[in-house]
Amino acid sequence: MISLTGKTAVVTGAGRGLGRATALRLADRGALVAVHYSAAARAADEVVTTIREAGGTAFAVQADLSAADGPDRLWAAFGEGAAEWGADGAVDILVNNAATSVRATLEETKAEDFERMVAVNMRAPFFLIQQALGRLRNGARIVNVTSAVTRSAYPEVIAYGLTKGALNTLTLTLAQELGPRGITVNAVSPGTMDTDVNAGWLRGNPEAEEAVAQQAALRRVGQPEDVADVIAFLASDEARWVTGQVIEASGGARL
């Protein structure tokens with residue numbers, strides 16, 4: 001099993017879905033995990049409790065990443081939490097997973113929804129990384145969660161796809177910039193998964209589940225753990241020679 005013992009990780013949007021699965025996986029591998037949340041304190045606390053009951057180490061950090069000062073607040077909360085655990089405040093793994101999406105075509109997209117997606121999906125990761133430069137250890141790992149919608153045309157989520165495409169570009173550029181420090185920067189691009197975000201139209205809807213499964217070469221709906229394992233690999237020393245890549249973890253969607 002890949003070991004992350006002695007590593008400190010930050011996972012944004014870790015209260016549910018893919019973020020939750022990633023936090024659990026990194027903690028299971030031995031990392032001290034900062035479980036970020038925006039408003040769902042109970043969900044984040046449940047993740048922390050689950051990790052600790054399993055013998056792992058974790059603490060919750062709150063910050064609204066749609067706000068301009070969101071990154072500042074996250075790192076301030078992280079510093080306090082890390083100190084309580086006797087950590088030095090340095091970061092080995094940063095997973096930019098927090099995101100927001102509105103299902104809308106070009107014509108239907110509202111300005112306020114567009115601005116929120118840009119703030120959470122693009123601006124926040126950019127400034128989280130910028131402000132983490134002094135915290136990131138040489139040889140650290142940055143993993144940005146993007147989306148398979150950047151490869152295929154999905155007019156119904158055009159603004160969301162735009163923000164995730166920007167994150168792919170950020171990944172490529174930062175891999176070049178941070179490479180001299182041994183820091184790898186990669187993106188993981190999931191397809192449709194069985195998460196709370198998709199629960200309203202997917203769960204309990206056999207026709208929708210079958211339609212999603214038929215789009216994938218592996219003929220099933222993806223689970224958060226499927227993608228969390230890929231992130232855990234990229235966060236490990238085993239992935240030391242992988243950087244600047246967008247790795248699609250979609251079960252072969254729309255090949």
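Positions are given from 1, in the same order as the sequence printed here.
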Look only at the side chain of [X] and the backbone of [Y], and say whether a donor-acceptor pair between them is shorter than 3.5 Å.
X: R123; Y: V120; value: no
X: E108; Y: T105; value: yes
X: R16; Y: A43; value: no
X: H36; Y: A63; value: yes
X: Q215; Y: R254; value: no
X: R29; Y: L26; value: no
X: W75; Y: L128; value: yes
X: D229; Y: D226; value: no

Is it the case that one hydrophobic cluster holds both [X] and [Y], taking links as side-chain heavy atoms less than 4.5 Å apart, direct or via other members?
X: L167; Y: V230; result: no
X: F114; Y: M122; result: yes
X: Y154; Y: V212; result: no
X: I183; Y: V143; result: no
X: V188; Y: L24; result: yes

* Basic-acidic side-chain contact under 4.0 Å: R137, D88 ->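 Salt bridge flag = yes for D88 with R137.
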
* Asked: Would you call R151-E248 a salt bridge at under 4.0 Å N-O?
  ->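 Judged by the 4.0 Å cut-off on N to carboxylate O distance, R151 and E248 do form a salt bridge.
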
Under 4.5 Å between any side-chain heavy atoms of [X] and [Y], yes or no?
X: V10; Y: I93; value: no
X: L136; Y: I142; value: yes
X: V145; Y: P190; value: yes
X: D72; Y: F127; value: no
X: L106; Y: P155; value: no
X: V33; Y: V11; value: yes
X: V102; Y: Y160; value: no

Side-chain H-bond candidate by donor/acceptor type, [X] with [Y], under 3.5 Å:
X: S66; Y: R116; result: yes
X: T146; Y: N168; result: yes
X: Y37; Y: R42; result: no

Where do [X] and [Y] come nearest, in terms of heavy atoms and distance?
X: A23; Y: V35; answer: CB-CG2, 4.3 Å
X: R25; Y: A228; answer: CG-O, 4.2 Å
X: S189; Y: A148; answer: OG-N, 3.0 Å
X: T184; Y: L234; answer: OG1-O, 4.4 Å
X: G244; Y: N186; answer: N-OD1, 3.3 Å
X: G13; Y: A98; answer: N-CB, 3.7 Å

* Asked: Given D45 and R52, is the salt bridge (charged side-chain N to carboxylate O under 4.0 Å, His left out) satisfied, shown in steps?
  -> CA-CA 10 Å; D45 288 342; R52 292 180 180 176; over 6 Å; no

* Where at least one partner belongs to residues 172-182, residue pairs that pass side-chain hydrogen bond (donor to acceptor under 3.5 Å, both in side chains), sequence neighbours excluded ->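 side-chain hydrogen bond (donor to acceptor under 3.5 Å, both in side chains) check on residues 172-182 returns N138-R181.
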
State the [atom1]-[atom2] distance between [X] and [Y], to the nearest 0.5 angstrom.
X: R141; Y: T243; atom1: CZ; atom2: OG1; answer: 8.5 Å
X: L32; Y: L4; atom1: CG; atom2: CG; answer: 11.5 Å
X: D64; Y: L74; atom1: CG; atom2: CG; answer: 11.0 Å
X: N121; Y: S147; atom1: CG; atom2: OG; answer: 10.0 Å
X: R220; Y: E210; atom1: CZ; atom2: CD; answer: 14.0 Å
X: R103; Y: D113; atom1: CZ; atom2: CG; answer: 14.0 Å

* Asked: With sequence neighbours left out, what residues match R73 under salt bridge (Lys or Arg N to Asp or Glu O under 4.0 Å)?
  ->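 Scan of R73 (salt bridge (Lys or Arg N to Asp or Glu O under 4.0 Å), adjacent residues dropped) gives D69.
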
* **Trace of the side chain to side chain contact (heavy atoms under 4.5 Å, CB included) decision for N144 with V95** => CA-CA 6 Å; N144 298 318; V95 181; over 6 Å; no

* To do: Go through the steps for R20 and E46 under the test side chain to side chain contact (heavy atoms under 4.5 Å, CB included), then give the verdict.
  => CA-CA 10 Å; R20 179 183 189 278; E46 188 274 331; 3.3 Å; yes

* Under the side-chain contact (heavy atoms from CB on, under 4.5 Å) test, residues paired with E238 that sit two or more places apart ->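 I2, F233, S236.
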
* Verdict with reasoning, V48 to F59, per side chain to side chain contact (heavy atoms under 4.5 Å, CB included) -> CA-CA 6 Å; V48 170; F59 58 92; 5.5 Å; no

* To do: Show the numbers, then the answer: is there a side chain to side chain contact (heavy atoms under 4.5 Å, CB included) between N97 and T22?
  => CA-CA 9 Å; N97 166 73; T22 299; 5.9 Å; no

* Take atom CD in E107; do more than 12 heavy atoms of anything else shown fall under 6.0 Å from it? ->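 It does not: E107 CD has 12 such atoms or fewer within range.
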
* To do: Mark yes when over 12 heavy atoms from residues, nucleotides or ligands other than Q214 sit less than 6.0 Å from its CD; otherwise mark no.
  =>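 It does: Q214 CD has more than 12 such atoms within range.
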
